[in-house]
Amino acid sequence: MAERGRTAGGLDASPAPALPTSPRLRPGVPNMRWSQTLIPTLREDPQDADVPSQKLMIRAGLIRKLGAGLFTYLPLGLAALRNAERIVREEMDKAGALEMLMPVLQPADLWKESGRFDGFGDLMCKFTDRNGHINVLGPTHEEVVTHHVRCEINSYRQLPVTLYQIQTKFRDEIRPRFGVIRAREFLMKDAYSFDTDWEGLNKSYQKMYDAYNATFKRAGLRFCIVEADSGLMGGDVSHEFMVLAEIGEDLLLRCDKCLYGANREKAECINEGKKWDLVHAPTYAPVQEVATPGVSTVDAVAKFLRTPAERIVKTLIYKVKGEPVAVLVRGDHEANPAKLAKHFGTAQIELADAATIEKATGGPLGFSGPVGLKIRKVADNTLMNLTNAVTGANKLDTHIVNVNLDRDFTIDAYADLRFAAAGDRCPRCEGTLALSHGIEVGHTFKLGTKYSESLKAEFLNDKGELKPCIMGCYGIGVSRLLAAAIENSHDKDGILWPPGLAPYSVHLVSVNPKDAKVATASAKLYESLNAAGIQVLWDDRDAQAGVKFKDADLLGMPVRLTLGGRGVDAGTVDLKPRNEAAQRPVPLAAVVAEVRSALEKYAATFAK
RNA sequence: CGGGGCGUAGCGCAGUCUGGUUAGCGCGCCUGGCUUGGGACCAGGAGGUCAGCAGUUCAAAUCUGCUCGCCCCGACCA
């Protein structure tokens with residue numbers, strides 16, 4: 001925590017009368033006395049907040065909502081945000097990335113050049129300016145940074161370079177929710193690396209990967225790293241940095257034995273390859289049609305035929321580039337659209353409507369099956385194991401039992417097409433995958449040449465050849481990080497700030513500050529802590545002690561100091577770490593050392 | 001975009017179904033008193049275009065229509 005004691009000169013703009021002023025120890029924190037700052041705490045939960053971090057951020061006076069997905073940071077929230085920003089910036093600088101600042105407003109032409117103008121669709125805010133030019137509010141900055149690189153970099157001698165900024169992004173989310181976790185306007189750190197070759201990209205990528213690890217560790221987060229799909233961004237290798245939290249919108253699978261982790265879309269499934277009949281059914285039984293009136297869902301069929309869902313073949317009819325294709329997965333599995341897209345090499349994949357299904361299979365929706373089906377059939381790997389299975393009959397209210405692969409139907413291609421599920425075998429070792437929820441706070445991509453080719457970010461190599469830059473991009477949701485930290489670290493009374501993010505290290509409560517001796521002793525204590533470089537929020541309000549204690553718990557600074565009349569008489573102040581129930585008196589003379597050791601002890605609980 | 005819900009004082013809510021005094025309650029806020037180690041107490045007080053617009057009616061927070069905003073579920077997704 002040595003980095004927290006930066007001084008910025010004595011610029012206290014509003015000295016309190018009769019009390020000495022103190023140097024401002026951290027830029028962005030304008031005042032340390034409660035009576036002189038704005039910390040509007042709320043006793044009750046706000047009506048329109050639904051997750052703990054959002055409730056606490058509003059109740060603790062960190063943020064206020066302006067509109068759907070729009071938040072104002074009040075002084076205390078801004079202090080925390082600046083801390084997050086500072087950690088990110090320091091780790092980026094340490095990794096050799098260069099900070100710059102690009103406009104939020106961008107010409108749409110750049111986005112048309114990269115081909116993403118339509119791809120982003122309504123997620124991107126667009127408008128026409130007075131001159132008739134279309135502009136966008138940048139949801140990300142690949143296009144802009146690549147534009148600058150193509151203008152300024154033309155030789156391999158100028159590479160590699162990694163550029164970054166910390167700046168506001170706009171995304172017109174379909175449904176903003178969870179407070180700053182999915183906001184329409186948010187603070188993001190975005191970095192972009194440019195290399196001459198893939199080997200260089202691997203090095204640049206590793207530097208960012210390591211910097212992300214360091215950043216999230218310093219922020220005190222419980223996080224894990226998972227393999228991810230690169231989606232709209234392009235490229236192949238991609239990692240997500242996930243904060244483990246119940247309310248997280250992302251699903252991830254992690255191995256209980258090794259370090260393998262992947263988000264649900266990406267998680268690989270291995271086929272353990274046990275033929276069902278080796279265990280359960282010794283021989284192929286004859287095919288038989290059975291009437292299943294009104295029974296079409298897998299669950300219902302399983303119940304109706306008293307068969308486990310895993311013995312049912314689920315036949316989904318998709319439209320792939322407009323063509324109907326049958327996708328077969330086991331009844332207890334789910335088809336994974338991301339894997340389908342990869343398999344078919346196109347994003348144009350959608351479930352077919354009832355009319356298309358009738359036309360393609362000859363039967364109604366809900367009763368499709370592979371037997372006799374003329375269209376292309378692809379199957380998830382696990383289907384190889386099935387024997388004497390149940391499928392739809394392509395006929396209303398009818399299923400077929402004892403269906404067997406190759407005897408009764410054939411498959412055009414097998415692939416990993418399903419979502420991994422809890423309990424699956426780890427694709428890397430003998431372990432088992434478990435499902436968790438996560439909040440994505442960081443994402444790294446090896447982009448390759450997607451943008452450097454479309455936007456012509458090219459350089460001359462040492463042989464005089466023109467080559468596109470090999471790019472990577474790296475994002476951190478800075479504002480989201482705060483909410484994630486609170487999701488990780490709160491109790492029924494309020495926040496427990498990780499030390500790296502805490503707006504103040506110490507929350508000093510004066511009990512009955514109208515008592516002159518308490519006021520004087522508190523001021524002295526406050527000054528000595530300031531002089532020692534410890535950030536203090538001094539609750540100097542004339543309020544009930546209980547009110548102040550509740551607020552201190554809500555705000556969640558690491559250490560609370562309480563000074564009242566009896567403490568002044570005894571020459572002690574009561575010290576209570578936020579994560580402990582009990583307080584203890586420490587001699588006023590030793591308070592700096594005591595606070596330091598308490599802070600260290602507190603910090604240790606956030607270290608993994 | 002589909003489904004559901006909400007909008008009344010700074011915050012949290014009642015009142016709306018069944019139209020009818022001066023629109024209430026808790027918290028917060030202001031003044032005074034008393035108090036101050038876990039959300040005190042007493043007295044007095046300020047604060048409302050009842051989301052907006054239009055309509056029905058002798059009379060609308062309340063009934064009708066439209067509009068706006070917000071929240072939840074789903075689809076979608078850096």
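Just so it is clear: chains get the letters A, B, ... in the order the sequence lines come, proteins before strands, and each one is counted from 1.
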Do any N or O atoms of the protein come closer than 3.5 Å to N or O atoms of nucleotides 37-46 of chain B, and which pairs are they?
unit_1	atom_1	unit_2	atom_2	d
B:rG37	O6	A:G564	N	3.0
B:rG37	N1	A:D574	OD2	2.7
B:rG37	N2	A:D574	OD2	2.8
B:rG37	N2	A:Q583	OE1	3.1
B:rG37	N2	A:Q583	NE2	2.9
B:rG38	O6	A:R560	NH1	2.7
B:rG38	O6	A:R560	NH2	3.2
B:rG38	N1	A:D553	OD2	2.8
B:rG38	N2	A:D553	OD2	2.4
B:rG39	O2'	A:R43	NH1	2.8
B:rG39	O6	A:R59	NH2	3.4
B:rA40	N7	A:Q544	OE1	3.2

Identify, with sequence neighbours excluded, every residue that meets ring pair (Phe, Tyr, Trp, His ring centres under 6.0 Å) alongside A:W497. none
Sugar-phosphate, base or nothing in reach of A:E440, heavy atoms under 4.0 Å: base
Those residues that, when tested against A:E44, pass side chain to side chain contact (heavy atoms under 4.5 Å, CB included) (two or more places apart): none
Within this structure, what is the CZ-to-P distance between A:R177 and B:rC76, rounded to whole angstrom? 12 Å
Any strand counts, and the cut-off is 3.5 Å on both contacts for Watson-Crick or G-U wobble. Which nucleotide pairs with B:rG47? none
Integer angstrom distance from the C1' of B:rA9 to that of B:rG26: 13 Å
Could you give the CZ-to-P distance, from A:F71 to B:rC70, as a whole number of Å? 11 Å
Show the distances under 3.5 angstrom between N or O atoms of the protein and N or O atoms of nucleotides 1-6 of chain B.
none

Tell me the side chain to side chain donor-acceptor pair (under 3.5 Å) pairs involving residues 48-58 of chain A, sequence neighbours left out? A:D48-A:K65, A:S53-A:E487
In the strands shown, is B:rC70 matched to any nucleotide by a Watson-Crick or G-U wobble pair with both distances under 3.5 Å, and which? B:rG5
Nucleotide paired to B:rC27 in any strand shown, Watson-Crick or G-U, under 3.5 Å: B:rG10
Counting only heavy atoms not in A:K126 (residues, nucleotides, ligands), do more than 12 fall under 6.0 Å from its NZ? yes
Could you tell me how far apart A:D542 (CG) and B:rC34 (P) are, to the nearest whole angstrom? 13 Å
Listed in order of residue number, which residues of residues 475-491 of chain A have a non-hydrogen atom at under 4.0 Å from RNA chain B? A:R480
Any-strand Watson-Crick or G-U partner of B:rG55, both distances under 3.5 Å: B:rC63
Got a sec, which residues hit side chain to side chain contact (heavy atoms under 4.5 Å, CB included) with A:D210, two or more places apart in sequence or on another chain? A:Q206
Using the P atom as the reference point in each nucleotide, state the distance between B:rU64 and B:rG5 in Å, no decimals. 14 Å
Integer angstrom distance from the C1' of B:rC34 to that of B:rC42: 8 Å
Reckon A:A49 touches a base, only the sugar-phosphate, or nothing at all at heavy-atom distances under 4.0 Å? nothing
Pairs involving residues 549-559 of chain A, ordered by first then second residue, that meet side chain to side chain donor-acceptor pair (under 3.5 Å) (sequence neighbours left out): A:T41-A:D551, A:R541-A:D551
Rounded distance (Å) that lies between atom P of B:rG69 and atom CG of A:L70: 12 Å
Using atom C1' in both nucleotides, what's the gap between B:rG44 and B:rU67 to the nearest angstrom? 43 Å
Side chain to side chain contact (heavy atoms under 4.5 Å, CB included) with A:D190: which residues, sequence neighbours excluded? A:H141, A:Q165, A:K169, A:M188, A:Y192
Does A:R584 pair with A:E594 as a salt bridge, N-O distance under 4.0 Å? yes
What distance, rounded to whole Å, do you find between the two P atoms, one in B:rC58 and one in B:rG47? 34 Å
To the nearest angstrom, the CD1-P distance between A:I58 and B:rC71 comes to 10 Å
Starting at CG of A:D539 and ending at P of B:rU36, how long is that distance when rounded to a whole Å? 18 Å
Can you check the distance between B:rG4 and B:rG65, where both ends of the measurement are the P atom (answer in whole Å)? 15 Å
Could you pull out all residues at least two apart from A:Y212 that satisfy ring pair (Phe, Tyr, Trp, His ring centres under 6.0 Å)? A:F216, A:F241
Report the distance from atom CD of A:Q54 to atom P of B:rC11, rounded to the nearest whole Å. 15 Å
Pick the C1' atom in B:rC50 and in B:rC41, then give their distance to the nearest Å. 33 Å
Among residues at least two apart in sequence or on other chains, which ones pass side chain to side chain donor-acceptor pair (under 3.5 Å) with A:S522? A:S510
Taking atom types as they are modelled, would you say the side chain of A:R182 forms a donor-acceptor pair with the base of B:rC77 within the 3.5 Å cutoff? yes
Run the side chain to side chain contact (heavy atoms under 4.5 Å, CB included) test against A:D250 and tell me which residues pass, sequence neighbours left out. A:M242, A:E440
Between CG of A:N135 and CG of A:L110, what distance do you get to the nearest 0.5 Å? 11.0 Å
For A:K65 and B:rC11, give me the distance from atom NZ to atom P, rounded to whole Å. 11 Å
Between A:K189 and A:E91, does any side-chain N to carboxylate O distance fall below 4.0 Å? no
Taking atom C1' in both B:rA60 and B:rG15, compute the distance separating them and give it to the nearest angstrom. 14 Å
